[in-house]
> 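Structure below; questions to follow.
The shown structure was predicted, so the numbers you read here are calculated from the model rather than taken from an experiment.
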Amino acid sequence: MNRLWLKCFWIVCFGALMPSLQAQNADIRLLRSIYNNRYASLDHGMYVWSQTTYPISIAVPLGLFTAGAIRHDKEMMLKSAEVGTGIVAALALNTAIKYIVQRPRPYETYPDIVPYHTEDSPSFPSGHTAAAFATATSLTLAYPKWYIAVPAYVWASGVGYSRLQLGVHYPSDVLCGALIGTGAAVANHYVHRMLRKHFLQKPQAQPVTAF
């Protein structure tokens, strides 16, 4: 499974780093198909959806921590730390790749893509998508219930799609952002599980030997 994630990641990265190859042509063709066939009347709604990314990514771990503190629920407070560090890890990795690759935004290369709004940072990968999928995955791993997973991933997928409809990202940007967000959250979950097992596990009582 880990090898599959790694292969997907490098395939997408290769397409972004080598824009002269057919991968770039497929990328812009798919973006044009989505962008040109969109309902422009929904652009503002997609923009609002997109802009919920960072507020929700901050509110989720903060809300868990606050609720845990009010209830004196140590487990909930620990889960808030897990969710928060998963999001931070995804954004740190995503930002590092973004400024190493330095891929121009679609509208900077193709004049027929007229964005709803412009962005200052490089295009690849999508930070909004990485944050959204890190939030959805971290929350689902902390609370593995369908009624949490379904709305979380619907929201995250909507964020990814909104970045295409708004003309600010290529499909490969969004795909790689989703992979980074999900992968970082999963890795962070297992790191937290190991740390909790090592530091919080109660030592077993030693049997008393009668003499």
> Is the side chain of Asp173 donor-acceptor paired with the backbone N or O of Tyr170 at a distance under 3.5 Å, no angle test?
yes
> Using a 3.5 Å distance criterion without hydrogens, assess whether the side chain of Glu82 forms a donor-acceptor pair with backbone atoms of Leu139.
no
> Find the distance between OG1 (Thr85) and NE2 (His189) and round it off to the nearest 0.5 Å.
11.5 Å
> Between Glu108 and Arg103, is there a side-chain N and carboxylate O pair less than 4.0 Å apart?
no
> Can you classify the ring geometry of Tyr153 versus Phe133 as parallel (below 30°), tilted (30 to 60°) or perpendicular (above 60°)?
tilted
> Can you tell me if Thr140 uses its side chain to pair, donor with acceptor, with the backbone of Thr137 under 3.5 Å?
no
> Rounded to the nearest 0.5 Å, what separates atom CG in Asn36 from atom CG in Asp112?
6.5 Å
> Between the side chain of Ser162 and the main-chain N/O of Val159, is any donor-acceptor distance below 3.5 Å?
yes
> Check for a donor-acceptor pair, side chain of Asp27 on one end and backbone N or O of Ser172 on the other, with a separation under 3.5 Å.
yes
> Would you give the length of the straight line joining atom NE2 of His169 to atom OH of Tyr107, rounded to the nearest 0.5 angstrom?
8.5 Å
> Would you check if the side chain of Ser50 reaches a backbone N or O of Met46 as a donor-acceptor pair within less than 3.5 Å?
no
> Just by modelled atom types, is the Leu42 backbone N or O under 3.5 Å from a matching donor or acceptor in the Tyr47 side chain?
no
> What is the distance from atom OG of Ser80 to atom CG of Leu62, rounded to the nearest 0.5 Å?
8.5 Å
> What are the two closest non-hydrogen atoms of Ala184 and Ala89, and how far apart are they?
CB-C, 4.3 Å
> With a 3.5 Å distance limit and no angle check, can you tell me whether Trp49 reaches the backbone of Trp155 through a side-chain donor-acceptor pair?
yes
> For Lys98 versus Gly127, what's the shortest heavy-atom pair and its separation?
NZ-N, 4.0 Å
> Do the side chain of Arg38 and the main chain of Tyr35 share a donor and acceptor less than 3.5 angstrom apart?
yes
> Is Thr66 reaching over with its side chain to a backbone N or O of Gly63, donor-acceptor style, under 3.5 angstrom?
no
> How long is the span from the NZ atom in Lys79 to the NE2 atom in His192, to the nearest 0.5 Å?
13.0 Å
> Hey, does Tyr116 have a side-chain heavy atom less than 4.5 Å from the side chain of His44?
yes
